[in-house]
A.B. asks: 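Handing you a structure now.
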Amino acid sequence: MKPDSTAQPLSSTQPSPHAGPPQPSKPPAAGPPLPGRYKRYATWMIFIVVLVACSIHTDATPYQLIVGLPEMGKLLGEMFPPDWSYLPTIWKPMLETIQIAIVGTTLGAILAIPVALLCAYNVMPRKLISLPMRTILNLVRTIPDLLFASIFVAVFGIGPFAGMLALLFFSFGIIAKLTFEAIEAIDPGPLEAMTAVGASRIQVIAFGVVPQALPYFVSYLLYTFEVNVRAASVLGLVGAGGIGLLLDRSLGLFRYDRASIIILLTLVIVLAIDYGSNLLRRKLL
């Protein structure tokens, strides 16, 4: 039998039966498009120009830092060794500082709960109520704690009561702001399901909003308490009680060794509160 003369010989370009599958060709690595690359470079250039301009206008230059280093070293030399004999004198004011922070944070958190509910759009959709509450909250957050303390010292006199009121408003502004943002970010599913079965507004808040927002509220409360302990330590500079009175007196008399022991004790108290807050946060959340 003669072979078929019409059969075509195997081409060298056809794959061999023993060869593996064809490998896809890799596309060439393309960099970012030119407009996007120029936009990124322009953004960095604008940022650097703004940073340099702000540094020049505020005299925050490396030269100023280098010139001030000898004075910083001299000040640290006067702060050490600390005056350990001054430690028994500052225990009572430090305890007063912690008490100011506890009362101010607790009362501020209690006042923040209803305001946070009224500010959240998913709880209070009527903007005639939520927008004025947000405006009041922004006004409270605009005023710093030292200014609050100065105002209350002028009204109620020098003492821890003015410092407590200052931290109350400060805590109220922070906790209410963070809490209503957390409420707006909760899962709307449970709220819609409860509304569909005829639950009242109070029931929706109690069983749909509070269980989801409570962990965030506790976290914000503990964080604000840590901040208030530090803030209460300097409120005494304006006469609002606490350890700040002794700190201001030590700095005024150039007793930097006594100021250093106050700073060290404050640091120890803050670290202890931070550690305790972390343990409490892990158990509650």
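Excluded from the calculations below are hydrogen atoms, water molecules and symmetry mates; all remaining heavy atoms, backbone and side chain alike, are included.
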A.B. asks: Could you tell me which residues satisfy side chain to side chain donor-acceptor pair (under 3.5 Å) with Ser277, sequence neighbours excluded, listed by chain and number?
C.D. replies: Glu226
A.B. asks: For the residue pair Glu184 and Cys119, what are the closest heavy atoms and their distance?
C.D. replies: OE2-O, 3.8 Å
A.B. asks: Report yes if some heavy atom in the side chain of Tyr256 is under 4.5 Å from a heavy atom in the side chain of Leu251; otherwise report no.
C.D. replies: yes
A.B. asks: Using the rule given for side-chain contact (heavy atoms from CB on, under 4.5 Å), can you reason through Phe217 versus Ile113, listing the C-alpha separation, both sets of side-chain angles and the distance that settles it, and then say yes or no?
C.D. replies: CA-CA 9 Å; Phe217 175 78; Ile113 295 174; 3.8 Å; yes
A.B. asks: Does any non-hydrogen side-chain atom of Tyr86 lie less than 4.5 Å from one of Asp257?
C.D. replies: no
A.B. asks: Please report the closest heavy-atom contact between Ala149 and Ala166, naming both atoms and the distance.
C.D. replies: N-CB, 3.6 Å
A.B. asks: At their closest point, which heavy atom of Gly236 faces which heavy atom of Leu245, and how far apart are they?
C.D. replies: O-CD2, 3.3 Å
A.B. asks: Is Trp84 reachable from Ile243 through a run of hydrophobic residues whose side-chain heavy atoms are each under 4.5 Å from the next?
C.D. replies: yes
A.B. asks: Kindly indicate whether the side chain of Thr195, heavy atoms from C-beta on, has any atom under 4.5 Å from the side chain of Arg201.
C.D. replies: no
A.B. asks: To the nearest 0.5 Å, how far apart are OG in Ser250 and CG in Asp83?
C.D. replies: 9.0 Å
A.B. asks: Per the side-chain contact (heavy atoms from CB on, under 4.5 Å) rule, which among Asn122, Val210, Val123 passes with Ile186?
C.D. replies: Asn122
A.B. asks: Within a radius of less than 6.0 Å around CZ of Phe169, do more than 12 heavy atoms belonging to other residues, nucleotides or ligands occur?
C.D. replies: no
A.B. asks: Answer with yes or no whether the hydrophobic clustering places Leu168 together with Val227; edges join I, L, V, M, F, W, Y residues whose side-chain heavy atoms lie under 4.5 Å apart.
C.D. replies: no
A.B. asks: Does any part of the side chain of Ser171, heavy atoms only, come nearer than 4.5 Å to the side chain of Asn228, both counted from C-beta?
C.D. replies: yes
A.B. asks: Report the distance from atom CZ of Arg249 to atom CD1 of Ile262, rounding to the nearest 0.5 Å.
C.D. replies: 9.5 Å
A.B. asks: Does the side chain of Ile263 reach to within under 4.5 Å of the side chain of Met79, using non-hydrogen atoms?
C.D. replies: yes
A.B. asks: Mind checking the CG-CG spacing from Leu146 to Leu235? Nearest 0.5 Å is all I need.
C.D. replies: 6.0 Å
A.B. asks: Can you tell me how far the CG atom of Leu165 sits from the CZ atom of Phe170, to the nearest 0.5 Å?
C.D. replies: 15.0 Å
A.B. asks: Is it possible for you to say whether Ile98 and Val234 belong to one hydrophobic cluster, with membership spreading through side-chain heavy-atom contacts below 4.5 Å?
C.D. replies: no
A.B. asks: What's the shortest heavy-atom distance between Leu247 and Ala259, and which atoms?
C.D. replies: CD1-CB, 4.0 Å
A.B. asks: Can you measure from CG (Leu191) to CD (Gln203) and round to the nearest 0.5 angstrom?
C.D. replies: 12.5 Å
A.B. asks: Does Tyr121 have Arg134 sitting over its ring (NZ/CZ under 6.0 Å from centre, angle to axis within 45°)?
C.D. replies: yes
A.B. asks: So Phe152 and Phe148, would you call those rings parallel, tilted or perpendicular, with 30° and 60° as cut-offs?
C.D. replies: parallel
A.B. asks: Atom OH in Tyr223, atom CD1 in Ile175: separation rounded to 0.5 Å?
C.D. replies: 11.0 Å
A.B. asks: Judged by atom type as modelled, is there a donor-acceptor pair below 3.5 Å linking the side chain of Asn278 to the main-chain atoms of Asp274?
C.D. replies: yes
A.B. asks: Would you name the heavy atoms of Ile100 and Ala240 that are closest together and state the gap between them?
C.D. replies: CD1-O, 4.0 Å
A.B. asks: Look at the side chain of Ser219 and the backbone N and O of Pro215, then say whether any donor-acceptor pair between them is shorter than 3.5 Å.
C.D. replies: no
A.B. asks: What do you reckon, is CD1 of Ile158 surrounded by more than 12 foreign heavy atoms closer than 6.0 Å?
C.D. replies: no
A.B. asks: Salt bridge or not for Glu181 and Lys177, using N-O below 4.0 Å?
C.D. replies: yes
A.B. asks: Do Leu167 and Leu111 share a hydrophobic cluster, counting only Ile, Leu, Val, Met, Phe, Trp and Tyr and linking them when any side-chain heavy atoms are less than 4.5 Å apart?
C.D. replies: yes
A.B. asks: Flag the pair Tyr220 / Ile174 as yes when at least one side-chain heavy-atom distance between them is below 4.5 Å, and no otherwise.
C.D. replies: no
A.B. asks: Transitively linked via ILVMFWY side-chain contacts under 4.5 Å: Met194 with Leu117?
C.D. replies: yes
A.B. asks: Can you give me the closest heavy-atom contact between Val115 and Ala176, atom names plus distance?
C.D. replies: CG1-CB, 4.4 Å
A.B. asks: Taking the side chain as C-beta and beyond, is there a heavy-atom pair between Pro190 and Asp187 under 4.5 Å?
C.D. replies: yes
A.B. asks: Would you say that Tyr216 contacts Thr179 through its side chain, given a criterion of any heavy-atom pair below 4.5 Å between the two side chains?
C.D. replies: no
